[in-house]
Amino acid sequence: MGETTEKELTASAAAETDDAAEAAETGGDGGGAVTEAEADDAVASETIAAVITAPGLGAMGAVRLSGPAAFPAAAAVFRSKNGRPMEELGAYSLTFGGLYLADTFVDQALLLKMKSPTSFTGEDVAELQCHGGPVVLSRLLSALTELPGLDIRPARPGEFSQRAFLNGKMDLSQAEAVMELVGASNQRAAAAAADQLAGGLSRPIREIKDRLLTLLAEIEFAIDFPELAAEAVDEPPADGAGSGAGAGLAGELASLLAQVEALLAAAGLGRIYREGARLVFYGRPNAGKSSLLNGILREPRAIVTAEPGTTRDTLEERVLLRGIPVILTDTAGIRPAGNPAERAGVERAKQMAAKADLILYVVDAAVGLTDEDRQLLGELEKKKTLVVLNKMDLLPAAAQAESPADSPVKSSVDSPMDSPAGNQFFADDAVLPWQWCLLSALSPTGLEVLAERIGRFFDQGDFYQAGGEILLNRRQEEALLSAKAALRSGAEALARGMPTDLAAVDLRQAWSALGEITGETIQPALVAELFSRFCLGK
């Protein structure tokens with residue numbers, strides 16, 4: 001057998017991964033997921049058109065065309081102010097003129113010309129921008145799709161983004177980020193989507209996949225050229241653990257597994273930024289849970305009375321708290337109840353606490369910690385529970401001496417023994433290990449402290465690792481979980497002394513799972529289904 005280069009070995013190893021690696025290098029901006037022939041077919045496809053601005057009245061509206069007939073179609077309805085024909089306009093240019101349908105002036109317009117391959121879709125793209133009246137836009141779209149001699153049809157939902165993916169202008173995770181960015185309901189969600197669109201997820205995924213291909217190539221090299229690999233295999237590792245290639249591969253798998261787990265550690269943030277963090281007020285009756293809810297919302301949303309057990313069911317409200325979308329949930333007070341309605345409310349409260357991202361366990365500071373409080377706290381997870389010692393305004397004046405008169409406030413970032421109030425609660429170690437906050441729900445300052453503590457919990461707490469890439473949907477998380485399982489299986493096989501070529505099966509599975517995130521190994525039918533969820537015009 002002749003000399004084999006590392007590049008040839010890498011390509012050979014990739015080819016064994018369900019033939020998916022043939023699409024790994026497309027030459028596009030984002031590393032799309034098709035072969036060169038498939039990309040050529042996409043470029044040569046029929047031309048599509050759609051209104052790309054939101055329905056309704058607006059200062060401007062736009063119709064986008066993409067495909068081989070985009071420029072002839074635009075030229076048929078647009079006349080530039082300076083009289084220059086379409087072919088004389090720059091490959092990437094913006095021109096002022098007018099729209100003419102059947103030689104009748106319809107509106108002033110701008111024509112944005114983008115020649116392939118330097119457009120969003122990778123095809124010839126023309127955008128006609130005019131005033132945002134729905135009548136004009138509807139007439140324009142109909143006229144374009146009815147032009148004689150040109151094969152133009154209305155675009156399907158997400159078809160522009162789908163063509164960008166098929167033509168290698170972005171990978172699948174970036175394409176999904178487009179829709180996440182469009183639908184972002186808060187600044188953090190928009191920032192996360194923008195980071196993913198810029199390659200914030202694609203880059204680490206590609207790095208892991210490249211390392212997997214390198215390992216597969218090394219394994220194949222050892223199989224095909226055992227005489228050349230023998231020296232490396234027989235050489236004991238520096239730390240004396242394991243043997244040669246197997247030990248080296250085990251170390252690489254451990255490193256890759258750590259990278260995948262680091263990505264998964266931030267997976268929950270995608271759901272929180274998109275749907276909202278679930279924050280549950282929990283505790284015994286009459287501790288002030290509903291008052292805290294009303295205080296944060298700044299309106300009397302929940303009924304508050306002096307009678308314990310007023311709240312019998314859960315009550316949910318959405319709010320943006322320190323830039324984080326939050327679903328606030330008020331629950332029934334936890335106590336033994338004889339009333340069937342109250343028993344059902346208590347059970348529902350426990351269910352909501354189990355699903356919460358953060359539990360605010362509310363204690364009546366005037367009453368102090370009871371045995372029931374200690375028991376209930378013992379049933380909760382410390383890392384997602386914040387103890388709120390409420391009603392500090394009802395404590396004796398001596399317990400508030402060093403705090404502002406209108407709002408006695410302290411939190412676990414301060415020393416718990418700095419105040420008589422702190423001494424009262426923290427002489428008992430039932431609260432000391434917990435995150436905690438002393439305040440009054442009737443005080444604006446106290447509510448500000450609570451909001452700050454909630455924000456810090458999601459930004460810097462133990463719940464998530466700071467600085468990790470954010471996964472914006474469940475599909476991506478499931479693919480990473482599959483990759484993690486495959487890498488773990490490979491590591492366990494090596495630990496049992498199995499040959500490295502058997503571990504290569506797990507490496508290929510991990511590579512394929514990661515390829516589902518960027519699109520190299522995903523089925524075409526699933527691609528079409530994913531893009532069908534996009535908005536029309538995207």
Side-chain angles (χ1 to χ4, degrees), residues 1-25 33 35 204-265 267 475-523 526:
M1 183 180 292
E3 181 179 357
T4 304
T5 67
E6 181 179 352
K7 182 177 180 180
E8 290 170 336
L9 287 170
T10 301
S12 177
E16 296 182 20
T17 312
D18 300 326
D19 296 325
E22 294 178 4
E25 298 294 336
T35 64
I205 293 298
R206 283 199 298 268
E207 289 173 4
I208 297 173
K209 289 169 71 241
D210 288 346
R211 288 180 65 188
L212 284 170
L213 285 179
T214 299
L215 291 177
L216 286 168
E218 291 175 354
I219 292 172
E220 183 177 333
F221 179 84
I223 294 172
D224 291 345
F225 305 98
E227 67 282 0
L228 297 178
E231 182 177 349
V233 171
D234 293 337
E235 181 181 340
D239 59 4
S243 63
L249 180 57
E252 282 290 330
L253 288 183
S255 175
L256 291 171
L257 191 58
Q259 285 185 266
V260 170
E261 289 175 339
L263 290 171
L264 280 169
R475 185 191 72 83
Q476 296 162 355
E477 183 179 359
E478 288 176 347
L480 268 181
L481 287 170
S482 296
K484 175 183 175 180
L487 290 171
R488 180 167 289 170
S489 175
E492 291 173 351
L494 291 174
R496 294 194 302 268
M498 304 294 289
T500 56
D501 55 327
L502 293 181
V505 175
D506 294 309
L507 268 64
R508 295 188 184 100
Q509 290 177 351
W511 189 94
S512 181
L514 294 171
E516 292 180 9
I517 297 177
T518 50
E520 283 104 341
T521 59
I522 197 168
Q523 296 297 318
L526 182 55

Run the side chain to side chain contact (heavy atoms under 4.5 Å, CB included) test on Leu514 and Thr521 for me, step by step, so that the C-alpha distance in whole Å, both residues' side-chain angles and the decisive distance to 0.1 Å come before the verdict. CA-CA 8 Å; Leu514 294 171; Thr521 59; over 6 Å; no

Thr518 vs Lys209, test: side chain to side chain contact (heavy atoms under 4.5 Å, CB included). Steps then yes/no. CA-CA 10 Å; Thr518 50; Lys209 289 169 71 241; 4.2 Å; yes

Which donor-acceptor pairs under 3.5 Å do side chains of residues 480-489 form with protein atoms, sequence neighbours excluded?
from: Ser482; atom 1: OG; to: Glu478; atom 2: O; distance (Å): 3.1
from: Arg488; atom 1: NH2; to: Glu261; atom 2: OE2; distance (Å): 3.1
from: Ser489; atom 1: OG; to: Asp506; atom 2: OD1; distance (Å): 3.2
from: Ser489; atom 1: OG; to: Asp506; atom 2: OD2; distance (Å): 3.4

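The distance from the CD atom of Glu207 to the CG atom of Asp210 is 8.0 Å, given to the nearest 0.5 Å. Atom CD1 in Ile208 sits 10.0 Å away from atom CG in Leu257 (nearest 0.5 Å). Summarising the geometry, atom CG belonging to Leu494 is positioned 6.0 Å from atom CG belonging to Leu253; distances are rounded to the nearest 0.5 Å. Ile517 CD1 to Ile205 CD1: the interatomic distance, rounded to the nearest 0.5 Å, is 4.0 Å. Atom-to-atom distance recorded for Leu216:CG and Asp501:CG is 11.5 Å, nearest 0.5 angstrom.
Looking only at side-chain heavy atoms (C-beta outward), Glu252 and Thr214 stay at 4.5 Å or farther from each other.
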